[in-house]
Number of protein chains: 2
Amino acid sequence: MTTDRNSATVPGKRSTRQRTAVAGLLDQLADFRSAQDLHEELRKRGEGIGLTTVYRTLQSLADAGEIDVLRTDSGEAIYRRCSSHHHHHLVCRECGHTVEVEGPAVERWADKVAAENKFSQVSHTVEIFGTCSDCG
Amino acid sequence: MTTDRNSATVPGKRSTRQRTAVAGLLDQLADFRSAQDLHEELRKRGEGIGLTTVYRTLQSLADAGEIDVLRTDSGEAIYRRCSSHHHHHLVCRECGHTVEVEGPAVERWADKVAAENKFSQVSHTVEIFGTCSDCG
DNA sequence: TAGGATGTTGACAACGGTAACCAGTTACCC
DNA sequence: GGGTAACTGGTTACCGTTGTCAACATCCTA
């Protein structure tokens with residue numbers, strides 16, 4: 001263990017009850033969730049926390065690379081605590097269940113395509129959506 | 001030529017001046033553009049057309065598979081006329097310049113990963129973003 | 001080709017997710 | 001413990017997008 005993953009906070013930020021609660025909830029959940037979803041869950045658990053604070057906290061966690069952000073078809077942002085190394089996702093459309101996947105060949109392919117077309121500062125999004133065996 | 005690509009309209013829909021204008025503009029543009037962007041461009045060209053109509057037309061074109069839809073980091077939808085076969089995009093973050101790319105190996109990889117995890121009805125999004133040589 | 005049924009348009013209002021504001025509160029450092 | 005700078009959260013504002021509905025255009029039929 002290189003870092004303390006639980007109750008992980010963003011360096012340079014103060015440790016508050018609210019931030020701890022958001023980080024802690026994300027640690028427990030395996031699926032991608034929307035900000036409003038997380039806010040509702042926190043209140044359901046008795047955490048007094050404002051929606052604004054949830055948005056702010058998620059944003060700073062995302063900026064710090066602590067969590068991953070995806071967009072649903074409707075354009076809503078969804079968040080999930082992920083491992084720190086580069087990876088992609090296999091996400092169930094029904095329940096949000098997520099599997100982290102790796103594809104070294106895909107990384108190489110993307111870099112090659114970008115280079116062939118003289119693009120620089122390359123990033124890519126690769127997400128696979130489907131219906132998981134529980135929902136199938 | 002199997003189908004008439006220019007002035008392409010959606011089957012079952014009436015052919016109106018506004019729909020023709022939107023489809024025609026998309027035919028001319030090589031880059032991904034937002035609905036508001038397209039609306040502004042059409043008005044600049046003297047086309048009387050409402051923003052609502054632009055949104056509706058883009059939606060029906062997208063539903064019919066006539067155009068591709070992507071989401072920017074900010075969640076805004078952007079649209080582009082694309083070839084009909086399955087492909088992905090290499091998109092310039094600065095100017096929206098787009099290159100259609102293919103990656104058979106990526107398709108196979110995505111299918112394999114999904115199958116290994118027992119996911120069905122699989123789709124995937126693969127987009128590469130970077131800075132093109134003109135903007136670099 | 002006229003006339004009507006029905007799909008389409010567009011100004012406007014509403015909506016939903018997200019971000020800005022700012023006064024009150026809290027964590028951190030000495 | 002006390003000062004200060006960061007944080008919180010209710011509220012308001014924002015922005016992309018969609019719903020509404022009366023006026024209108026298209027297309028079919030006679």
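Lettering of chains follows the sequences in order, A, B, ..., and the numbering in each one begins at 1. Note that these values count all heavy atoms, side chains included, but never hydrogens, waters or copies made by symmetry.
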Between [N] ([atom2]) and [X] ([atom1]): distance, integer Å:
{"X": "A/R33", "N": "C/dT18", "atom1": "CZ", "atom2": "P", "result": "15 Å"}
{"X": "A/R17", "N": "C/dC28", "atom1": "CZ", "atom2": "P", "result": "14 Å"}
{"X": "B/H39", "N": "C/dC12", "atom1": "NE2", "atom2": "C1'", "result": "14 Å"}
{"X": "B/R71", "N": "C/dT18", "atom1": "CZ", "atom2": "C1'", "result": "14 Å"}
{"X": "A/Y55", "N": "C/dG16", "atom1": "OH", "atom2": "P", "result": "12 Å"}
{"X": "A/I78", "N": "C/dT18", "atom1": "CD1", "atom2": "P", "result": "11 Å"}
{"X": "B/I49", "N": "C/dA11", "atom1": "CD1", "atom2": "C1'", "result": "14 Å"}

Does B/D68 pair with B/R80 as a salt bridge, N-O distance under 4.0 Å?
no
Within the pair [X] and [N], is there a side-chain N or O less than 4.0 Å away from OP1 or OP2?
{"X": "B/Q18", "N": "C/dG10", "answer": "yes"}
{"X": "B/R19", "N": "C/dT9", "answer": "yes"}
{"X": "B/T53", "N": "C/dG10", "answer": "yes"}

Between B/C82 and B/H89, what is the shortest heavy-atom contact and its length?
SG-NE2, 3.3 Å
Of B/L51 and A/G50, whose nearest nucleotide on DNA chain D comes first from the 5' end?
A/G50
First contact, last contact: which nucleotides of DNA chain D are these for chain B, 5' to 3', heavy-atom distance under 4.0 Å?
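Counting from the 5' end, contacts occupy D/dG16 to D/dC27.
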Of A/T16 and B/R43, the one whose closest nucleotide on DNA chain C sits nearer the 5' end is B/R43
Should A/V122 and B/V126 be regarded as members of a common hydrophobic cluster, given that ILVMFWY residues are connected when their side-chain heavy atoms come within less than 4.5 Å of each other, either directly or indirectly?
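Yes: a chain of side-chain contacts under 4.5 Å links A/V122 to B/V126.
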Evaluate whether atom CG of B/D73 has more than 12 neighbouring non-hydrogen atoms of other residues, nucleotides or ligands under 6.0 angstrom away.
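No, the 6.0 Å shell around CG holds no more than 12 heavy atoms from other groups.
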Under the side chain to side chain donor-acceptor pair (under 3.5 Å) rule, what do A/E100 and A/S83 come out as? Steps first, then yes or no, please.
CA-CA 9 Å; A/E100 293 189 14; A/S83 56; 2.5 Å; yes
Among the candidates C/dT9, C/dC12, C/dT8, find the nucleotide nearest to the side-chain atoms of B/R56.
C/dT9
Closest listed nucleotide, where the reference is the side chain of A/Q36 and the choices are C/dT18, C/dC21, C/dG10:
C/dT18
When all nucleic acid strands are considered with a 4.0 Å heavy-atom cut-off, which category describes A/S15: base, sugar-phosphate, or nothing?
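Counting heavy atoms under 4.0 Å across all strands, the contact made by A/S15 is with sugar-phosphate only.
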Under 4.0 Å, heavy atoms only, any strand: does B/G75 hit a base, just the sugar-phosphate, or nothing?
nothing
Is there a donor-acceptor pair under 3.5 Å between the side chain of A/H124 and the backbone N or O of A/E107?
no
Can you find a pair of side-chain heavy atoms, one from B/W109 and one from A/I128, that are under 4.5 Å apart?
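Yes, side chains in contact.
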